[in-house]
Amino acid sequence: MFEYEHKVQYYETDQMQIVHHSNYIRWFEEARMAMMESTGFGYEKMETQGVIIPVVEAQASYRSMVRFGETVLIRPKIKKFNGAVLEIIYDVVDKKTGVLRCQGRTKHAFLDAEGHLISLKYAKPEFYDYFRKLESAQTEPVTKGAQDPDKNPDS
């Protein structure tokens, strides 16, 4: 399990020293970038090879408040991955108590430099190892016999 540690900064809080809700989405990005980097195919490497992965959906459910000075652990997990679309779920927990603070989800599409949808499975041979790493890390099992979204059913 991958964990990303974050200590809450004052600027991330409101007047009551409670973390503003928008920061959780930023924390998801920090944790996602660190997780991707740990696999050997971080954002910088992807972009230099002509791949971008924008967020196409983001969601957060707030369970309990996080305050200035506290430290949280963000635990991203790959929920689904098919080569072209990646869905990651996140648990944000208090480092000291283990109390769940927030749960979230982001969905991403893999695009080439021109903005066209690509699959890491088929785009370039050098991406295939990375595709296999992400595929094996997903928490939802791959459905056997499911149609591959990257192949044209008419071909």
Side-chain angles (χ1 to χ4, degrees), residues 1-9 11-14 18-66 72-93 100-155:
M1 173 180 18
F2 184 84
E3 285 187 331
Y4 178 79
E5 186 172 306
H6 181 83
K7 183 173 181 174
V8 177
Q9 303 300 307
Y11 70 85
E12 296 174 305
T13 64
D14 59 19
I18 296 169
V19 171
H20 188 270
H21 66 275
S22 65
N23 288 295
Y24 292 88
I25 302 296
R26 290 182 179 98
W27 296 352
F28 296 167
E29 182 171 333
E30 290 174 20
R32 180 176 64 254
M33 290 181 74
M35 179 183 72
M36 301 291 270
E37 188 69 36
S38 75
T39 69
F41 201 60
Y43 276 57
E44 186 176 355
K45 185 174 181 178
M46 276 190 276
E47 289 179 0
T48 60
Q49 294 188 27
V51 177
I52 56 174
I53 57 167
V55 175
V56 295
E57 290 180 21
Q59 176 269 327
S61 297
Y62 308 101
R63 305 294 184 209
S64 58
M65 293 179 275
V66 179
V72 293
L73 300 173
I74 301 110
R75 297 176 176 148
K77 294 181 215 99
I78 296 170
K79 182 177 180 184
K80 294 180 188 176
F81 175 68
N82 67 8
V85 178
L86 172 68
E87 187 174 340
I88 301 174
I89 55 175
Y90 306 83
D91 286 335
V92 179
V93 298
L100 182 64
R101 301 297 189 184
C102 181
Q103 291 179 301
R105 179 184 70 82
T106 57
K107 190 173 183 180
H108 310 264
F110 286 82
L111 307 177
D112 64 17
E114 290 80 40
H116 300 107
L117 187 66
I118 62 169
S119 172
L120 294 185
K121 185 174 183 178
Y122 305 110
K124 295 181 182 178
E126 60 267 27
F127 296 159
Y128 189 74
D129 286 341
Y130 188 63
F131 164 80
R132 299 297 290 162
K133 281 183 187 180
L134 292 177
E135 183 182 51
S136 66
Q138 67 185 320
T139 59
E140 286 193 4
V142 177
T143 306
K144 292 200 184 281
Q147 183 171 341
D148 188 335
D150 304 315
K151 291 199 177 217
N152 183 344
D154 298 327
S155 57

Under the rule for salt bridge (Lys or Arg N to Asp or Glu O under 4.0 Å), what residues qualify as partners of [X], not counting sequence neighbours?
X    : result
E3   : R75
R132 : E135
K77  : D91

With [X] via ring pair (Phe, Tyr, Trp, His ring centres under 6.0 Å) - residues at least two apart:
X    : result
Y43  : none
H108 : none
F2   : none
Y4   : none

Hey, does [Y] have a side-chain heavy atom less than 4.5 Å from the side chain of [X]?
X   : Y    : result
V92 : F28  : yes
F41 : F127 : yes
V85 : K80  : no

Of all residues at least two apart in sequence or in a different chain, which pass the side-chain hydrogen bond (donor to acceptor under 3.5 Å, both in side chains) check with [X]?
X   : answer
H20 : S22
E12 : H6, W27
S38 : none
E57 : R105

Indicate whether any N or O donor in one side chain lies under 3.5 Å from an N or O acceptor in the other, for R32 and Y90.
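There is such a pair (donor and acceptor under 3.5 Å, judged by atom type) between the side chains of R32 and Y90.
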Return the set of residues passing side chain to side chain contact (heavy atoms under 4.5 Å, CB included) with E37 (not counting sequence neighbours), or none when no residue passes.
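With sequence neighbours excluded, E37 shows a side chain to side chain contact (heavy atoms under 4.5 Å, CB included) to no residue whatsoever.
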